[in-house]
Enquirer: 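Below is one structure. I have some questions about it.
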Amino acid sequence: MRSRLRRLVLGATALFTAASALPAAAATTQQRAEQHPSRDGLSAVIRYTEYGIPHILAKNHADLGFGTGWAQAADEVCTLADGFVTLRGERSRYFGADAPAGGDLSAARTNLASDLYFRGVRESRTVQKLLTERAPVGPSREVRDMMRGWAAGYNAWLKQRKITDPACAGASWVRPVTELDVAARGVAIASISGEGRFVDTITAARPPTGTDASSGAPAARAPGAKAVAKAADELWGDPGMGSNAVAFRGDTTANGRGLLLGNPHYPWDGGRRFWQSQQTIPGELNVSGGSLLGTPAISIGFNAHVAWSHTVSTGIPANFHRLTLDPADPTVYLVDGRPERMKKRTVTVAVKDGTPVTRTQWWTRYGPVVTSLSPQVPLPWTGEAAYALNDPNAANLRFADTSLGFSKARSTADVLASLGRHQGIPWVNTIAADRAGHSLYTQSQVLPRITDELAGRCSTELGRTTYPASGIAILDGSRGDCALGSDPDAVVPGILGPERMPTLKDAPYAENSNGTAWMTNADRPLTGYERIFGTVGTQLGLRTRGAIEDVAAMADRGGLTVRDLQQQQFANRVPAGDLAAGDVARACAALPGGTATGSDGEAVDVSEACGVLKAWDRTMDTGSRGALLFDRFWRRLEQAVPGDRLWKVPFSAADPVRTPNTLNTDAPGLPLALADAVAELRAAGITLDAPLGAHQFVVRDGERLPVPGGGGRLGVWNVIEPTWDAAAGGYTEVPFGTSHLQAVGWDGGRCPVARTLLTYSQSSNPNSPHFADQTRLLSGEKWVTSRFCEKDILSSPKLKVVRVHERR
């Protein structure tokens, strides 16, 4: 196979060179470079097909990383460079200390907080130490080669190409990177839901002084369960990262082979974007899919044998320890009566047009000291106690090896084996299917080793509230017997081992829409896992309920194909509408005089809305009339009516997919929400029955592109969370939502049957031809036919072959 691929590629390169019509001398020079591309330096061949999708061919992992870094830089150099400024702790130097940090790699609100944290990580040599660890704790030789190659490829692009993206053209902060920068990005991505959530409080925590320290302030009263659950939802229910995925077993499909539909919901801008490619080392690796920017391996993808996707999980990736402090010194804490001094991490950050800022962070054996769980749930540092955060993903550089194992897998069993061997997936579930007809769901992720037994034995008073309510463990840090310990099958101490992970193998369907593992399959519920993974027997979100209804019906119908997956993706059904729109229309029609009072006390004629809602087709297609009205109404209704009063039939764990139901039309907030929605649309000049696409759109290259889909709170599979701007015409931009789509199956041939779509397109550069081309496909609910096999790549009418190499 290796020699066949080489012949094909050399032939394609020759055709490309001939078609370039270069002058003779230049052509001779280029041909010499192609025969000896890098004089023993790194090199790769990149074949671009439709929509600028690169197919990267290399002879080893270092060259593959080189081609990947080069091609990512070509599409996303400004986004990538901005992220490396973050990782070096230099945002304040270039952009100002008080400016917003952007949120790509942490939740820091300002550049100064971001810099203090990331420069502290750099100066503590956390990532350098991980690079020296032997696999699987540290990266394998293959992954180190890919990271080294990625950095070299990125640097080669900077050296050889001119930046045309106005976001960073000519900027002094666009600089070469190292393997350490690439590794640091991997750790930051892994810990984005742990330490990354707490950057502001890590960098602001200060020991008490004066009377506060000597007298000992009283411990904070434990907040109520609702406040804790809300705080957890704010921390770990991030609406900017979600997803759906479903795997179907072979006996539900038309040919007995598996099927997988992946639909991650991620930001459309910035450093959390996916980037699409195919990576090939002949005879060793051949995989296609989406990578998180700045990472060298495929994150979500497929090969000739297996396909996989991820969904953000309900697992709580960090925990807290309450420290008992030495009465004489609030920076000394006691463990089994013995004092331990906190470690000072003093960091200095350069500031644009200002003097450098020096701050101190305080670290313990458990992790950094923090002073709040959320603005509503303080964790005060007093003379008696402080709280430390434990995030095992802050030392997790195993994500890339886990993903590389997926890329080389030949079955769902191999996917599970890679999870068990590397244990590097930080905050997501994994759903997979293979050509032999197997399906897989597993919540195999890096979580602190919090068992229900440990939490019951070692929780503080506050922890006894937080753990059952939200899975957030707060343990007594003064007791040695409350240490997290080690599972025998865990690759590092302090994390849960593979045997504890909720896993469902070979179910007719395995589906997750960011709900708990419990309802992965309604007929085969998962139970018996620790609370930190999520709940059992609790109310499902509307998106999970709608998804299970849809995929269970598909599995029961059988005979499924990739086309069925495509139809499910863009069905745009609104479960909230199915449950409530009819009742709303009837309640609307029953209002005296057809009027309702809005929140401003004014009477609003809502009679027209009754007919619009009755006639609405219950979808969020761009042509749907009434969808926008219901969307704006539902958002207000959820704010006006408490969840436990929204439905007449309450939730039942015996019927979790169909309950709760029957809208409580007697709730006082319903007429108010309807009046406000109607008034809002009219004030914006939007007719109540306007087609959704006329007012849910993005503008690209001066063209207005209608966007199908709707909010996750409506239960829509195809999640689009747009920005409302009534003055500009409605929903005028999409900050996050459906991102890298893949619908994958197999037939009797050697090539997978795959359709993909990168909704926001391959490049953030407005001057790129691939800035909006796939976004236009999304607007028309169209897909890209994957070119996976060589014959398909080389037959592309848009084929462009580029040899990239180091110049020394």
Enquirer: Please lay out, stage by stage, how Ser277 and Ile298 fare under the test side-chain contact (heavy atoms from CB on, under 4.5 Å).
Expert: CA-CA 8 Å; Ser277 70; Ile298 297 291; 3.7 Å; yes

Enquirer: State which residues pass side-chain contact (heavy atoms from CB on, under 4.5 Å) with Lys505; sequence neighbours excluded, sorted by chain then number.
Expert: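 For Lys505, the residues satisfying side-chain contact (heavy atoms from CB on, under 4.5 Å) (neighbours in sequence not counted) are Leu416, Leu440, Thr503.
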
Enquirer: Before you tell me yes or no, could you show the steps for Trp275 and Asp75 under side-chain hydrogen bond (donor to acceptor under 3.5 Å, both in side chains), namely the whole-Å CA-CA distance, both residues' side-chain angles and the distance that decides it to 0.1 Å?
Expert: CA-CA 9 Å; Trp275 177 83; Asp75 287 323; 2.9 Å; yes

Enquirer: If you define the side chain from C-beta out and look only at heavy atoms, does anything of His55 sit under 4.5 Å from Ile46?
Expert: no

Enquirer: Just checking, any donor-acceptor pair under 3.5 angstrom between side chains of Asp434 and His305?
Expert: no

Enquirer: Which residues pass the side-chain contact (heavy atoms from CB on, under 4.5 Å) test with Asp773, not counting sequence neighbours?
Expert: Tyr51, Ser761, His770, Arg776

Enquirer: Do Gln569 and Trp717 pair up side chain to side chain, a donor and an acceptor below 3.5 Å, judged on atom types alone?
Expert: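 Yes, Trp717 and Gln569 have a side-chain donor paired with an acceptor closer than 3.5 Å.
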
Enquirer: Scan side-chain atoms only and decide if Asn286 and Gln278 contain a donor-acceptor pair under the 3.5 Å cut-off.
Expert: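 Judged by distance alone, the side chains do pair up.
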
Enquirer: Only one of Thr311, Asn514, Asn244 forms a side-chain hydrogen bond (donor to acceptor under 3.5 Å, both in side chains) with His265, so which one is it?
Expert: Asn244

Enquirer: Given Glu50, which of Lys798, Gln774, Arg787 fulfils the side-chain hydrogen bond (donor to acceptor under 3.5 Å, both in side chains) condition?
Expert: Arg787

Enquirer: Can you pull the side-chain hydrogen bond (donor to acceptor under 3.5 Å, both in side chains) pairs that have at least one residue in residues 736-749, sequence neighbours excluded?
Expert: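 The answer is Asn263-Thr738, Asn718-Thr738.
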
Enquirer: Assess the residue pair Thr619 and Asn572 against the criterion (side-chain hydrogen bond (donor to acceptor under 3.5 Å, both in side chains)); give the C-alpha distance rounded to whole Å, side-chain angles, the decisive distance to 0.1 Å, and a yes or no.
Expert: CA-CA 5 Å; Thr619 76; Asn572 294 321; over 6 Å; no

Enquirer: Apply the test side-chain contact (heavy atoms from CB on, under 4.5 Å) to residues Phe248 and Val551: give CA-CA distance (whole Å), side-chain angles for both, the deciding distance (0.1 Å), then the verdict.
Expert: CA-CA 9 Å; Phe248 289 101; Val551 303; 4.0 Å; yes

Enquirer: With the side chain counted from C-beta on, respond yes when His310 and Phe406 share a heavy-atom pair under 4.5 Å apart, and no when they do not.
Expert: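 With C-beta onward as the side chain, the pair touches.
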
Enquirer: Is the shortest side-chain N to carboxylate O distance from Glu549 to Arg658 below 4.0 Å?
Expert: no

Enquirer: Any heavy-atom pair between the side chains of His422 and Ser140 that's under 4.5 Å?
Expert: no

Enquirer: Find out whether Pro722 and Val707 are in side-chain contact, i.e. whether some heavy atom of one side chain is under 4.5 Å from a heavy atom of the other.
Expert: no

Enquirer: Under 4.0 Å between a side-chain nitrogen and a carboxylate oxygen: does that hold for Glu790 and Arg47?
Expert: yes

Enquirer: Quick one, Leu285 and Ser407 - any side-chain contact, counting heavy atoms below 4.5 Å?
Expert: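 When only atoms from C-beta onward are counted, Ser407 and Leu285 do touch, with a gap below 4.5 Å.
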
Enquirer: Between the side chains of Gln696 and Thr622, is a donor N or O closer than 3.5 angstrom to an acceptor N or O?
Expert: no

Enquirer: Just wondering, do Leu259 and Val562 contact through their side chains at under 4.5 Å, heavy atoms?
Expert: yes

Enquirer: Sorted by first residue and then second, give each side-chain hydrogen bond (donor to acceptor under 3.5 Å, both in side chains) pair with at least one member in residues 525-535; sequence neighbours left out.
Expert: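 Sorted pair list: Arg500-Glu530, Thr535-Thr538.
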
Enquirer: Mind jotting down which residue pairs meet the ring-ring contact (aromatic ring centres under 6.0 Å, His included) criterion with at least one end in residues 279-304? Sequence neighbours excluded, please.
Expert: Phe302-Phe788

Enquirer: Using modelled atom types and a 3.5 Å cut-off, is there a donor and acceptor pairing between side-chain atoms of Arg257 and backbone atoms of Ala436?
Expert: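 Flag not set: sc Arg257 to bb Ala436 has no pair under 3.5 Å.
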
Enquirer: Report the residues that fulfil side-chain contact (heavy atoms from CB on, under 4.5 Å) with Arg563, sequence neighbours left out, ordered by chain and then residue number.
Expert: Thr561, Gln566, Gln567

Enquirer: If we only count heavy atoms from C-beta on, is the Ser309 to Leu260 side-chain gap below 4.5 Å?
Expert: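 Yes, at least one pair of side-chain atoms sits under 4.5 Å.
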
